[in-house]
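Shown next, in structure tokens, is the structure this report addresses.
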Amino acid sequence: MLHRMDHNAEFGRWKAQCLSRADLSRKGSVDEDVVELVQLLNAREQFFTTSSCAGRIVLLDGDINGFAVQKQNRCWLLVTHKPCVKDDVILALKKANGDAVLKFEPFVLHVQCRQLQDAQILHSVAIDSGFRNSGITVGKRGKTMLAVRSTHGLEVPLSHKGKLMVTEEYIEFLLNIANQKMEENKKRIERFYNCLQHALERETTTNSPVKIKEKNNRPYTHKKKRKPEKAHGECINGEYDKDLENDEDDNPGIGVTIFPKDY
């Protein structure tokens, strides 16, 4: 009991510290499409969000050899969280001097959870909402992180050394695909929000020792029947969460990482 009280107090300090920090993302604020979701999670004592991105279409320029590893060193020619049109991309491509790449990056969310069973509830909701690349990481100091992710991204090179390698017709074709993925991404976010509301309501109404014990065993038991979980040595992608990537005292790679079998 004392250990749990100490852990809860430490979790409370982590949450207060994280939510009081300035937003250091490129945009400087939470994306509009996930504001309500972030607020819903942060209003619960057992969760707080550490980073999020609602999904975006980006055009990057730089050395294609290093783009997959060092995206932060590339030039951002275009970033939008809304559907994109061909003229915007063509205009942005005129500034390209290297290898320009068009990408659609789907919704991603990192949530620190007070207990493993809290993360299991969110993981179950995420999987049911279509975010099948989601996973839980438990660090050596007991930090439990949930990463909500999916795999319906898009990544296509458009130019090489400043020279456009595709036609404008093909760019328009790619944008139609990217915009469709953006729309599907938005539907999954809405589904996640609605399912999360119901899950948290059920948790509140069944908040008794016996029922909690039954419920805490339920999410992963159910998921294992449909898709067994598998431990991996990889940690959560730190692109959206630099604190998680650089936390030497709680390196997720030293702890336990749980991702779906097809991750």
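- Partners of Glu45 according to the salt bridge (charged side-chain N to carboxylate O under 4.0 Å, His left out) rule, which considers only residues two or more places apart in sequence or in another chain, are Arg114.
- Across all their heavy atoms, Cys84 and Ile57 have their closest contact at CB-CD1, 3.9 Å.
- Judged purely by atom type and a 3.5 angstrom limit, Arg149 has no side-chain atom pairing as donor or acceptor with the backbone of Val108.
- Cluster annotation: Met165 and Val101 are assigned to distinct hydrophobic clusters (Ile/Leu/Val/Met/Phe/Trp/Tyr, side-chain heavy-atom contacts under 4.5 Å, transitive).
- Following chains of ILVMFWY side-chain contacts shorter than 4.5 Å, one can reach Val38 starting from Phe131, so the two form part of one hydrophobic cluster.
- In the model, Asp118 has no side-chain atom that pairs as donor or acceptor with a side-chain atom of Thr144 under 3.5 Å.
- For Gln197, the side-chain contact (heavy atoms from CB on, under 4.5 Å) criterion is met by Leu40, Tyr193, Asn194, not counting sequence neighbours.
- One N or O on the side chain of Asn42 and one on the backbone of Thr49 form a donor-acceptor pair closer than 3.5 Å.
- The structure places SG of Cys113 at 8.5 Å from CG of Leu41, a figure rounded to the nearest 0.5 Å.
- For the residue pair Trp76 and Leu60, the shortest heavy atom distance occurs at CD2-CD2, 3.5 Å.
- If you take CE on Met182 and CD1 on Ile177, they are separated by 14.0 Å, rounding to the nearest 0.5 Å.
- The closest side-chain heavy-atom distance from Val148 to Leu122 is not below 4.5 Å.
- Contact detail for Ser52 and Leu109: the closest heavy-atom pair is CB-CD1, 3.6 Å.
- A donor-acceptor contact shorter than 3.5 Å links the side chain of Asn185 to the backbone of Phe107.
- Side-chain atoms of Asp99 come within 3.5 Å of backbone N or O of Lys161 as a donor-acceptor pair.
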### Query
Could you walk me through whether Val89 and Leu175 pass the side chain to side chain contact (heavy atoms under 4.5 Å, CB included) check?
CA-CA 9 Å; Val89 174; Leu175 287 176; 3.7 Å; yes
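- Between the side chain of Ser124 and the backbone N or O of Ile121, no donor-acceptor pair lies under 3.5 Å.
- Contact check for Glu32 versus Lys82: side-chain heavy atoms found under the 4.5 Å cut-off.
- Counting heavy atoms from C-beta on, the side chains of Leu77 and Val58 never come closer than 4.5 Å.
- Taking 4.5 Å as the limit, some side-chain heavy atom of Cys53 sits within range of a side-chain heavy atom of His81.
- Closest of all the heavy-atom pairs between Leu59 and Ala100 is CD1-CB, 4.3 Å.
- With sequence neighbours left out, Thr167 forms a side-chain contact (heavy atoms from CB on, under 4.5 Å) with Glu169, Tyr170.
- Put simply, the side chain of Asp31 gets close to the backbone of Ala54: a donor and an acceptor are under 3.5 Å apart.
- You'll find the side chain of Arg56 stays beyond 4.5 Å of the side chain of Thr80, heavy atoms only.
- A donor atom on one side chain and an acceptor atom on the other are not found under 3.5 Å apart for Thr50 and His110.
- The stretch residues 39-61 participates, sequence neighbours left out, in these ring pair (Phe, Tyr, Trp, His ring centres under 6.0 Å) pairs: Phe11-Phe48.
- Side-chain atoms of Arg191 come within 3.5 Å of backbone atoms of Ser129 as a donor-acceptor pair (strictly under, hydrogens ignored).
- Rounding to the nearest 0.5 angstrom, the gap separating the CG atom in Leu78 from the CG atom in Leu93 is 9.0 Å.
- Shortest non-hydrogen contact noted between Ala96 and Ser159 is CB-OG, 4.2 Å.
- A 4.5 Å side-chain heavy-atom check between Leu164 and Val166 finds at least one atom pair inside the cut-off.
- Interatomic distance, Leu158 CG to Lys163 NZ, rounded to the nearest 0.5 Å: 14.5 Å.
- For the side-chain hydrogen bond (donor to acceptor under 3.5 Å, both in side chains) criterion with Gln46, the lone passing option out of Gln115, Gln117, Glu203 is Glu203.
- Under the 4.5 Å side-chain heavy-atom criterion for grouping Ile, Leu, Val, Met, Phe, Trp and Tyr, Phe192 is connected to Val35 within one hydrophobic cluster.
- At a threshold of 4.5 Å between non-hydrogen side-chain atoms, the residues Met145 and Val111 do not count as touching.
- A donor-acceptor contact shorter than 3.5 Å links the side chain of Asp61 to the backbone of Gly98.
- With sequence neighbours left out, Ser150 forms a side-chain hydrogen bond (donor to acceptor under 3.5 Å, both in side chains) with His152.
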### Intermediate values then yes/no, side chain to side chain contact (heavy atoms under 4.5 Å, CB included), Glu184 and Gln180
CA-CA 6 Å; Glu184 171 60 25; Gln180 289 174 12; over 6 Å; no
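- Annotation: side chain of Gln112 is not in contact with side chain of Lys15 (no heavy-atom distance under 4.5 Å).
- For the side-chain contact (heavy atoms from CB on, under 4.5 Å) test, residues two or more places apart in sequence or in another chain that qualify with Glu168 are Lys86, Ile90.
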### Query
Hey, mind stepping through Glu105 and Lys181 against salt bridge (charged side-chain N to carboxylate O under 4.0 Å, His left out) and telling me if it holds?
CA-CA 9 Å; Glu105 298 177 333; Lys181 288 179 177 290; over 6 Å; no
